[in-house]
There are 2 protein chains.
Amino acid sequence: MRTSKPRENAPGSLTRDRIIEAANVMFAEHGVEGVSLRELTVRAGVNLAAVHYHFGSKEGVLAELFARSSKPIVEWRLELLSKVRRHRDGCPVLEDVLDAFLRPALHAGRRQNASFVHLRARLALERGEATRRILSESFDESSRQFMDALAAAMPDLPREELNWRFHFLIGAMVYTMADSGRIQTLSDGTCDPSASEAALERMVAVFAGVFRAGVSGKVRANVRRRSRQV
Amino acid sequence: MRTSKPRENAPGSLTRDRIIEAANVMFAEHGVEGVSLRELTVRAGVNLAAVHYHFGSKEGVLAELFARSSKPIVEWRLELLSKVRRHRDGCPVLEDVLDAFLRPALHAGRRQNASFVHLRARLALERGEATRRILSESFDESSRQFMDALAAAMPDLPREELNWRFHFLIGAMVYTMADSGRIQTLSDGTCDPSASEAALERMVAVFAGVFRAGVSGKVRANVRRRSRQV
DNA sequence: GTCTATACAGTGATAGAC
DNA sequence: GTCTATCACTGTATAGAC
């Protein structure tokens, strides 16, 4: 059983890289279930069995792809977070925190990034145990740091409220990343969230309002009816 | 070729009903790709070929399932919309409009509703042409009516702004419906959007704030920096 | 260690007998 | 209308070549 364990190696192998690269664009375009390992391996120029030798299974390919692609996103996030501006009292500027969280996620600028953005969104809605684990592995730590940063930016916002609003934020983010085309249809093309720069700007503005709502601080309180108990 | 066209019949056939019913719970639980027609037909107690006879394809089953299940949701939405309270000036109450839109969508109370909620969310993130068409068919008209109602509730909000905020609303709604379990993890169980009554209440409150933000009306304007051009 | 050919059980779809 | 038999194709497994 322990004769050889080639699963987790340094990414030196060309075969591994070719498989991952092909998977990145193909999974995002047609969905994980929508692309067969035959098509994938043909496009990658490798043998079918190489997939199982290197990654164990189709899902193994997905996991490795996620581990690789999420890394630069998370790093970029943390870099932006470290540069966040601060108020006189030391609290981070809410807009900057949101920007640091959303910009790397929405960015689909170069290379295969656009593919991964779509793929990630698609997976974020899955309920499978495996998918859930893959996503957690890649993004939990970073997400927690940002929830803490949001809490620091809005110290008077109860944690429970923050959780809910963060949930809605992720929802809007994921839906924007998925680019389902729905709002394009409904707005007759006037509104296009796939223009990520515009989407980013809107999201930061809108959700800064969301996180500020209902707290009595330097910004005036939201006075409308607030139902207290859940 | 035109000897018989059994595709679009009255839903009298027991076989059809049994297939749809099985598909509803199984698709939602394991995803469309996660359940084979063999399993499905065994559970439905019908022959494998009956699926293709009645619905043409697996996707045909999905389309029919959507057409059936979306109907009560849309009807309920419009019923609630017709009862929306109004201000002195005749404008609909924003919270009531949001409630009318979200309540039927999030409601997972009885029977197979919960399954359909998950299924719908999952499909809302797909990018496939077929899926997109199925969703449009079922929900476009109702969604447009609600966008108009929102515009009526917030007459001073530019349509472009409304489009974006509606897009974010759908994102948060869909993500809540999907119940990916992500915020439960991140909040260590404190926050649970699968409790649909609580989620509904929060969403209505939060997004009422979203749609009101930045408009100078009976509610005070949001004065913070507003970047104008896209 | 790395890669390949080949085989296997399970998939959606279909043709044709009844 | 319904069912059996069968098709081409899927992910996976393994024996064995370099």
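The structure presented is a predicted model; accordingly, all values stated were derived computationally and were not measured. Every chain is numbered from 1 and lettered A, B, ... according to where its sequence line falls, protein lines coming before strand lines.
Listed by first and then second residue, the salt bridge (Lys or Arg N to Asp or Glu O under 4.0 Å) pairs involving residues 46-58 of chain B amount to none (not counting sequence neighbours). Within the structure, no pair that satisfies the salt bridge (Lys or Arg N to Asp or Glu O under 4.0 Å) test touches residues 32-42 of chain B, not counting sequence neighbours.
If you check distances only, the side chain of A/R38 does reach the base of D/dG11 with a donor-acceptor pair under 3.5 Å.
Whole-Å rounding puts the A/L40 CG to D/dT12 P distance at 12 Å. Across the protein-nucleic acid pair, A/H54 atom NE2 and D/dT12 atom P stand 16 Å apart, rounded to whole Å. Atom CG in A/L62 sits roughly 15 Å away from atom C1' in D/dG11 (whole-Å rounding). Between A/E59 atom CD and D/dT10 atom C1' the separation is 16 Å, expressed in whole Å. Rounding to whole angstrom units, CZ of residue A/F55 and P of C/dT2 are separated by 12 Å. Regarding B/R18, its CZ atom lies at a distance of 10 Å from the P atom of D/dT2, rounded to whole Å. One atom, CD of B/E39, and another, C1' of C/dG12, lie 13 Å apart when rounded to the nearest Å.
Contacts with DNA chain C (heavy atom under 4.0 Å) in residues 27-37 of chain A: none are found. Across residues 41-48 of chain B, B/N47 each have a non-hydrogen atom less than 4.0 Å from an atom of DNA chain D (numbered order).
Note on ring orientation: taking the six-membered ring where Trp is involved, the planes of B/F101 and B/F166 are tilted (angle from 30° to 60°). Ring planes of A/H167 and A/W164: perpendicular class, angle over 60° (limits at 30 and 60°). The aromatic rings of A/W76 and A/H107 sit perpendicular to each other, their planes meeting at more than 60°, with 30° as the lower class boundary.
Residue B/H52 has no polar side-chain atom (N or O) positioned under 4.0 Å from OP1 or OP2 of C/dA15. Within the 4.0 Å cut-off from OP1 or OP2 of C/dC3, at least one side-chain nitrogen or oxygen of A/T15 is found.
Qualifying salt bridge (charged side-chain N to carboxylate O under 4.0 Å, His left out) partners for A/R144, counting only residues two or more places apart in sequence or in other chains: B/D188. Annotation: ring pair (Phe, Tyr, Trp, His ring centres under 6.0 Å) contacts of B/F27 (sequence neighbours excluded): none.
Across all strands shown, B/A50 has no heavy atoms under 4.0 Å from either base or sugar-phosphate atoms.
Checked against the 6.0 Å centroid threshold, A/F116 and A/F66 count as a close aromatic pair.
Distance from the side chain of B/K58 is smallest to C/dA13 among D/dT2, C/dA13, C/dA15. Considering only the side chain of A/Y53, C/dT2 comes nearest among D/dG11, C/dT4, C/dT2.
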- Message: Between B/R103 and B/E197, does the salt bridge (charged side-chain N to carboxylate O under 4.0 Å, His left out) criterion hold? Intermediate values first, please.
- Response: CA-CA 8 Å; B/R103 184 177 294 274; B/E197 201 55 48; 3.5 Å; yes
